[in-house]
Amino acid sequence: MHGEEISFVNEAFERNWIAPLGFNCDSFEQELCEYLADSGEELHGLSLSSGTAALHLAVKLAGVKRGDIVLCSDMTFSATVNPISYEGGVQVFVDSERETWNMDPRALELAFKKYPQAKVVMLVHLYGTPAKMDEISEVCTRHNAVLIEDAAEALSSTYKGKQAGSFGKYGIVSFNGNKIITSSGGGMLVSKSKADRDKAFFWATQSREKAPWYQHEEIGYNYRMSNVVAGIGRGQLLHLDEHRDAKVEIYKRYKDGFKNLPIAMNPYLDNSRPNHWLSCMTIDKKCAISFMDIYEKLNDANIESRPIWKPMHMQPVFKGHDCVKVENEYVDEDIFGRGLCLPSDIKMTEEEQARVIETVKRCF
Ligand SMILES: *Cc1c(COP(=O)(O)O)cnc(C)c1O
């Protein structure tokens with residue numbers, strides 16, 4: 001927290017406007033959309049109780065019905081793909097490529113060949129690294145599919161200068177406690193259409209029809225963000241670029257620190273600027289040391305690290321779901337088997353990070 005957050009929160013208290021909805025929500029939506037939009041582009045935001053709620057409403061807006069196939073990023077956090085099940089849709093997973101660790105456009109093309117009936121694609125920008133957006137967008141357009149962009153980890157990341165979350169028909173970001181900015185919890189749905197935004201608002205506020213009494217013709221949800229929470233988000237948004245710059249420095253220090261080791265940092269394209277939400281490493285293939293050895297060594301030194309997101313096709317809950325790949329092996333299984341997320345918090349000092357780097361070095 002920086003200070004501005006509490007002044008927006010105080011304003012909510014002073015005006016005695018603590019409820020869901022309210023001036024902080026309205027302003028937060030507008031300010032975030034201004035941040036994300038290209039010049040001349042109009043985006044419509046809806047502040048919600050979580051990124052997961054935003055994903056759920058995006059899946060509904062995309063028209064996913066019982067039995068519909070949705071082509072999804074395979075290596076991600078489960079929240080990306082769970083909302084498809086809420087609507088009775090069926091996830092077909094798509095393997096990653098090695099240049100950004102995100103959905104491989106070639107595998108997506110193959111998935112459309114296999115499942116020509118698929119009309120929705122769920123894409124994540126993992127760890128804040130933008131996916132191959134030109135290729136992914138081209139494949140989606142050619143197959144007439146709706147693209148939903150999960151930018152929960154990628155707020156402030158850009159691809160060819162355009163903000164992650166602003167590519168798809170629907171984009172979502174998260175303000176959960178672990179994300180690049182936080183409102184304590186919450187999310188935003190971003191849409192290119194005002195009508196879609198308004199429809200999502202209707203669902204998020206219990207689907208109340210226009211009538212003097214409580215009239216319901218559709219199932220609704222209580223997904224709105226509170227005016228207090230939105231105040232925290234507004235204050236944080238003022239520091240988003242500063243958070244990103246600090247994350248970029250952390251990534252650079254790791255890259256520099258590991259340069260003579262059989263270690264690679266999570267890759268990105270020259271045409272993109274990741275926010276480096278998490279700095280991740282993989283150990284070279286031939287190396288005898290496993291990521292769990294490093295995990296244990298870091299843990300012994302009281303340093304927390306995490307394995308890479310375990311691919312969805314390896315999760316028991318998605319047993320039996322197809323996962324489409326173009327290489328002989330699953331690229332994401334390979335990355336998962338050699339990768340580790342490193343401490344990336346912007347409150348970490350240079351000395352603390354030097355200790356992380358030294359501890360990793362000692363493993364070799
Ligand atoms: C955090 C996260 C979400 C969910 O956001 P919440 O606000 O925690 O519901 C979705 N997708 C990805 C990739 C995430 O990292």
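Since this is a predicted model, take the numbers as computed values, not measurements. Only this structure's heavy atoms are used, side chains among them; waters, hydrogens and symmetry mates stay out. Read the numbers this way: they start at 1 and go in the same order the structure lists the ligands and their atoms.
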Output block, N or O contacts of ligand 1, threshold 3.5 Å exclusive:
from	atom 1	to	atom 2	distance (Å)
ligand 1	5 (O)	Ser174	OG	3.3
ligand 1	7 (O)	Gly51	N	2.8
ligand 1	7 (O)	Ser174	OG	2.7
ligand 1	9 (O)	Gly51	N	3.3
ligand 1	9 (O)	Thr52	N	2.9
ligand 1	9 (O)	Thr52	OG1	2.5
ligand 1	11 (N)	Asp150	OD1	3.4
ligand 1	11 (N)	Asp150	OD2	2.7
ligand 1	15 (O)	Glu153	OE2	2.6
ligand 1	15 (O)	Lys179	NZ	3.3

According to side-chain hydrogen bond (donor to acceptor under 3.5 Å, both in side chains), who are the partners of Thr80, at least two apart in sequence or on a separate chain?
Thr76, Asp150
Side-chain contact, heavy-atom cut-off 4.5 Å: Thr100 with Glu97?
yes
Pair Glu352 + Arg253: basic N to acidic O under 4.0 Å
no
What residues form a ring-ring contact (aromatic ring centres under 6.0 Å, His included) with Tyr295, not counting sequence neighbours?
none
Do Arg224 and Ser49 meet the criterion of a side-chain donor-acceptor pair at a distance under 3.5 Å?
no
Residue set satisfying side-chain contact (heavy atoms from CB on, under 4.5 Å) with Pro267, at least two apart, ordered chain then number -> Trp101
